[in-house]
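Everything below concerns the one structure shown next.
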Amino acid sequence: VVGPESTGKSTLTKQLAESFATGYVAEYARSYFNEHSIDDYTLYDLEIIYREQLKLEAGAITHAKQILFTDTALI
C-alpha cells in the first residue's frame with residue numbers, strides 16, 4: 001500500500017491482512033525515525049531503512065498465506 005504520510009496506510013494494511021487472514025509488514029522507516037530522532041536524513045539512513053524493510057518482508061513472507069500486505073514500498 002503506498003501513499004502520502006498520515007493517510008491511513010498502516011490501518012488499511014492491517015485491516016486487509018485480517019480480512020484475507022494473512023500477514024502484513026509495517027513500515028520500518030517510521031520506527032527508525034522515531035528511534036533516532038532524525039530531522040534531515042541521508043542516503044546512509046535510507047540504505048539502512050531499505051535493508052531492514054527487506055528483512056522484515058522476507059521474514060513475514062514465509063508466514064503469509066498467498067498474499068503479504070506491506071504499508072510501504074521502496075520507491
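By the side chain to side chain contact (heavy atoms under 4.5 Å, CB included) test, E35 pairs with no residue at all, sequence neighbours left out. By the ring-ring contact (aromatic ring centres under 6.0 Å, His included) test, Y50 is found to be paired with no residue, residues two or more places apart in sequence or in another chain being considered. Annotation: side-chain hydrogen bond (donor to acceptor under 3.5 Å, both in side chains) contacts of K55 (sequence neighbours excluded): E52. Taking S10 as the reference, D71 meet the side-chain hydrogen bond (donor to acceptor under 3.5 Å, both in side chains) condition, with sequence neighbours excluded. Every residue was checked against the side-chain hydrogen bond (donor to acceptor under 3.5 Å, both in side chains) condition with E18, not counting sequence neighbours, and none meets it.
To the nearest 0.5 Å, atom NE2 of residue H36 and atom CD1 of residue I49 are 9.0 Å apart. A distance of 13.5 Å separates NZ in K65 from CZ in F20, rounded to the nearest 0.5 Å. One finds the CD atom of E57 at 5.0 Å from the OG1 atom of T70 (value rounded to the nearest 0.5 Å). For the atom pair CZ of R51 and CG of L46, the computed distance is 11.0 Å after rounding to the nearest 0.5 Å. One finds the CD1 atom of I67 at 11.5 Å from the CD1 atom of I61 (value rounded to the nearest 0.5 Å).
By the criterion of side-chain heavy atoms lying less than 4.5 angstrom apart, applied directly or through intervening Ile, Leu, Val, Met, Phe, Trp or Tyr residues, Y44 is grouped together with Y41 in one hydrophobic cluster.
A side-chain donor-acceptor contact under 3.5 Å links K9 to the backbone of G3.
Counting heavy atoms from C-beta on, the side chains of T13 and Q15 never come closer than 4.5 Å.
Contact between L56 and V25 at its shortest, heavy atoms only, is CB-CG1, 3.7 Å. The two residues A60 and L68 have their closest heavy-atom pair at CB-CD1, 3.9 Å. Shown here for A17 and G23, the closest heavy-atom pair between the two residues is CB-O, 3.7 Å.
For Q66, the CD atom counts as loosely surrounded, since its 6.0 Å shell holds 12 or fewer non-hydrogen atoms of other residues, nucleotides or ligands.
Counting only residues at least two apart or on different chains, the side chain to side chain donor-acceptor pair (under 3.5 Å) pairs with a member in residues 19-33 are Y32-D45.
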